[in-house]
Amino acid sequence: MKVISTTKAPAAIGPYSQGLETAGIVFVSGQIPVDPQTGNIPETIEEQTAQSLSNLENILGANGMTMADVVKTSVFLADLGDFAAMNEVYASRFQEPYPARSCVQVAAIPKGSRVEIECIAVKQR
C-alpha cells in the first residue's frame, strides 16, 4: 500500500491519510474546501465546491493522476438546496465519461463547510 500526501491540499487532521493506493486503485479521503495555503474556507457553495475539487485534484496529482482517472465520487452536502450550484461547478471539472457519483445531504460537515467530496480513481492507460 502506498500513502499519497501533498502540501497542495489540507493536511490530514486525524488518524487518516489524504489518499492511499492499493492494487492500482486510489482512494482519496473526503476533502472539505479548506485552502491549504491560508486555511480559509470560501463562503459560497460554488467556491467551496471548486476548492474541494482542487484539493482532490492536487492529491491525485501527487500520484501522477488527473480528474480523468476518477471513477467514483461521493458528494456530501449540508443542504441539498445547494445541489444545482454544486453540480454546475462539479460538471465543469469532469469530462465524459463522467465518474459514477453519490450525493447525499448530511447533518453537518467539519468546520461548518457546506460540501465535502471524496473519490476513487484508477490510472487510465
Side-chain angles (χ1 to χ4, degrees):
M1 188 173 328
K2 175 183 173 186
V3 174
I4 303 166
S5 181
T6 179
T7 58
K8 293 181 180 180
I13 53 171
Y16 64 93
S17 300
Q18 287 177 321
L20 291 174
E21 180 179 5
T22 184
I25 301 171
V26 171
F27 299 86
V28 179
S29 292
Q31 295 300 302
I32 61 173
V34 173
D35 180 322
Q37 302 302 317
T38 66
N40 294 333
I41 295 175
E43 292 207 18
T44 70
I45 188 63
E46 294 88 354
E47 294 168 319
Q48 287 195 17
T49 302
Q51 184 63 59
S52 292
L53 290 168
S54 291
N55 292 343
L56 285 175
E57 190 169 28
N58 288 331
I59 294 167
L60 291 168
N63 198 49
M65 301 173 87
T66 70
M67 298 296 260
D69 296 311
V70 175
V71 296
K72 170 73 167 78
T73 63
S74 296
V75 179
F76 306 96
L77 291 172
D79 180 354
L80 276 177
D82 286 336
F83 180 84
M86 175 282 298
N87 198 50
E88 187 173 328
V89 175
Y90 179 98
S92 73
R93 301 293 284 272
F94 291 99
Q95 296 179 353
E96 290 188 33
Y98 299 112
R101 178 176 77 184
S102 300
C103 182
V104 297
Q105 179 173 311
V106 296
I109 299 173
K111 296 191 177 236
S113 300
R114 295 167 64 180
V115 64
E116 180 172 352
I117 306 172
E118 65 182 23
C119 74
I120 300 169
V122 178
K123 185 72 171 176
Q124 305 300 311
R125 307 220 186 290

Check your understanding: Under 6.0 Å from the six-membered ring centre of F94 and within 45° of its axis: does the NZ or CZ of R101 meet both?
Key -> no
Do you know the tightest heavy-atom contact between [X] and [Y]?
X	Y	result
V28	V26	CG2-CG1, 3.9 Å
Q18	A9	NE2-O, 3.3 Å
P33	S52	N-OG, 3.2 Å
P36	N55	CD-OD1, 3.8 Å
T7	Q37	O-NE2, 4.3 Å
P10	Q31	CD-OE1, 3.7 Å

Review point. Considering only heavy atoms from C-beta outward, does the side chain of M67 approach that of P99 to under 4.5 Å?
Key: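 Side chain of M67 against side chain of P99, heavy atoms only: no contact under 4.5 Å found.
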Once you round to the nearest 0.5 Å, how far does [atom1] of [X] lie from [atom2] of [Y]?
X	Y	atom1	atom2	value
I117	S29	CD1	OG	14.0 Å
N40	Q51	CG	CD	10.0 Å
L20	S5	CG	OG	10.5 Å
M65	I59	CE	CD1	12.5 Å

Under a single-linkage definition using a 4.5 Å side-chain heavy-atom cutoff for Ile, Leu, Val, Met, Phe, Trp and Tyr, are [X] and [Y] assigned to the same hydrophobic cluster?
X	Y	value
I41	F76	yes
L60	Y90	yes
I32	F83	no
L56	L77	yes

**Study point:** For E21, the option from K123, K2, M1 that meets side-chain contact (heavy atoms from CB on, under 4.5 Å)
**Key:** K2
Practice item. Please test S54 against K8 for side-chain hydrogen bond (donor to acceptor under 3.5 Å, both in side chains), starting from the C-alpha separation and ending with a verdict. Key: CA-CA 9 Å; S54 291; K8 293 181 180 180; over 6 Å; no
Would you list the atom pairs, donor with acceptor, under 3.5 Å between side chains in residues 103-116 and any protein atom, with sequence neighbours excluded?
unit_1: Q105; atom_1: OE1; unit_2: L80; atom_2: N; d: 2.9
unit_1: S113; atom_1: OG; unit_2: P110; atom_2: O; d: 3.1
unit_1: R114; atom_1: NE; unit_2: D82; atom_2: OD2; d: 3.2
unit_1: R114; atom_1: NH1; unit_2: E43; atom_2: O; d: 3.2
unit_1: R114; atom_1: NH2; unit_2: D82; atom_2: OD1; d: 2.9
unit_1: R114; atom_1: NH2; unit_2: D82; atom_2: OD2; d: 3.2

**Study point:** Backbone N/O of V89 and side chain of S92: donor-acceptor pair under 3.5 Å
**Key:**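 Yes, the answer is positive, given that a donor and an acceptor are paired below the 3.5 Å cut-off.
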Exercise for review: Show which residues join V71 in its hydrophobic cluster (side-chain heavy-atom contacts under 4.5 Å, direct or indirect), or state none.
Suggested key: I25, F27, I120, V122
